[in-house]
Protein chains: 2
Amino acid sequence: MASQSKVRYDSYIQENQLKSSKRRDLIFEHILQIQGHFTVDNIYQEISKIDRGIGIATIYRTVKLLVASGVLTEQTFGEKKGWFEIADQKLEHHDHMICTSCGKIIEFHNKVIESNTYQIAKTHRFIIYSHKLEIFGLCNTCQKQ
Amino acid sequence: MASQSKVRYDSYIQENQLKSSKRRDLIFEHILQIQGHFTVDNIYQEISKIDRGIGIATIYRTVKLLVASGVLTEQTFGEKKGWFEIADQKLEHHDHMICTSCGKIIEFHNKVIESNTYQIAKTHRFIIYSHKLEIFGLCNTCQKQ
DNA sequence: TTTAATTTTGATAATAATTATCATTATTAA
DNA sequence: TTAATAATGATAATTATTATCAAAATTAAA
Ligand SMILES: [Zn+2]
Ligand SMILES: [Zn+2]
Ligand SMILES: [Zn+2]
Ligand SMILES: [Zn+2]
């Protein structure tokens, strides 16, 4: 649901007494349409076609705001740059398998891993804010080549 | 055991017909003494005290060689820079809990998570090269403050 | 032990991703 | 309309890393 993201976005702006802006709204709306994972530069390239004159700094600022408000989550996928995606809408968290040959990303959810993650944190009296499991290797297609 | 790292280091140099060097050996020996996680800059600062005149490029080159030879593994811990540590010596893999308040890193190993990680990869016909689970949150000490 | 081929090195330039700065413009509430 | 404040684009600065290249070190052969 896009509405949950909208609530988070609006609430964040309200709670931090920010002003509204055309361009921030445009970036937010555009990001909601994206499926999958993207970088700041990805969105900059795409939005530049619609809104010439937009600066990349505004994309950085907005993406940061969207992460802070819980609309997006950030990953690195083993690289030293940010990869973003819409945050999970339900209670269900998902993790990633990244093919080091073609870059393909496979998403998965595993209840046993989830519960054990929470269990081990509890053992160490650690409060979880977030967690990510990344599996690197070869996807089925790349194995055959 | 330091010897397993030594074998990997020596083998890598031999197999790639590299020449030996005082400074690379010094960096390798120094890194073996380190316990825990470190950055390139950490080692550069430390080794500079012993070996004035060493260049940071040599540290970068050597650390990259040590990762390629299996002596070290690289992590990001949610940051956009490399964190390194001696690779696990036994079959047992370990993961990390990172306190976002004080930076403390807690290591753990969980057999159930491990086996489910391999199981889910198998389901997707994915060959695992490596995997990492990072848990971000508050350590026990920081919760009390 | 000289020589010659090749690797390693340090200094530094280049690159990539991101954040900071700052003058201008936009938004908002009075 | 105005006054206060936030948002913006251009661009400088920062951080982590890699690339370049001439000089020094290593190695095996002569
Ligand atoms: Zn692939
Ligand atoms: Zn995902
Ligand atoms: Zn802590
Ligand atoms: Zn560790």
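What's counted below: heavy atoms across the whole structure, side chains too, no hydrogens, waters or symmetry copies. Within every chain, numbering begins at 1; the chains are lettered A, B, ... in the order of the sequence lines, protein sequences first and strands thereafter.
Side-chain proximity of A/Arg23 to the nucleotides D/dT11, C/dA17, D/dT8 is greatest for D/dT8. Listed nucleotides: D/dA7, C/dT12, C/dA20. Nearest to the side chain of A/Leu18: D/dA7. In the set D/dT18, D/dT8, C/dT18, D/dT8 carries the atom at the smallest distance from any side-chain atom of A/Arg24.
In this structure, A/Ser21 reaches the D/dT8 phosphate: one of its side-chain N or O atoms is under 4.0 Å from OP1 or OP2. Between B/Lys81 and C/dA17, a side-chain N or O to OP1/OP2 separation shorter than 4.0 Å is absent. Distances shown here put a side-chain N or O of B/Tyr60 below 4.0 Å from the OP1 or OP2 atom of D/dT17. Considering only side-chain N and O atoms, B/Ser20 lies under 4.0 angstrom from the phosphate OP1 or OP2 of D/dT27.
Judged by distance alone, with hydrogens and angles left aside, the side-chain atoms of A/His93 form no donor-acceptor pair with the main-chain N or O of A/Ser130 at under 3.5 Å.
Counted within 6.0 Å of CD on B/Gln145, heavy atoms from surrounding residues, nucleotides or ligands total more than 12; the atom is thus considered enclosed.
Residue-to-nucleotide contacts include a donor-acceptor pair under 3.5 Å from the side chain of A/Lys19 to the base of D/dT5.
Whole-Å rounding puts the B/Tyr44 OH to C/dT9 C1' distance at 13 Å. In this structure, CG of A/Leu65 is placed 17 Å from C1' of C/dT18, rounded to the nearest angstrom. Between the CD atom of B/Glu79 and the P atom of D/dT17 there is a distance of 10 Å, given to the nearest Å. Separating the CZ atom of B/Arg52 from the C1' atom of C/dT9 is a distance of 19 Å, rounded to the nearest angstrom. With rounding to whole Å, A/Ile54 atom CD1 is found 14 Å from C/dA26 atom C1'. Between the P atom of C/dA16 and the CD atom of A/Gln45 lies a distance of 13 Å, rounded to the nearest Å. One interatomic measurement links the two molecules: CD of A/Gln14 to P of C/dA29, which rounds to 10 Å at whole-angstrom precision. For the pair A/Ile59 CD1 and C/dA17 C1', the computed distance is 15 Å after rounding to whole Å.
Using a 4.0 Å cut-off between charged nitrogen and carboxylate oxygen, A/Asp51 and A/Arg23 count as a salt-bridge pair.
Residues A/Tyr129 and B/Phe136 place their aromatic rings such that the two centres sit no closer than 6.0 Å.
Between B/Gln17 and B/Ile56, the one whose closest nucleotide on DNA chain C sits nearer the 5' end is B/Gln17. Take the nearest nucleotide of DNA chain D for A/Asp25 and for B/Arg61: the residue whose nucleotide is more 5' is A/Asp25.
A/Glu134 and A/His96 form no side-chain donor-acceptor contact under 3.5 Å, judged by distance and modelled atom types alone.
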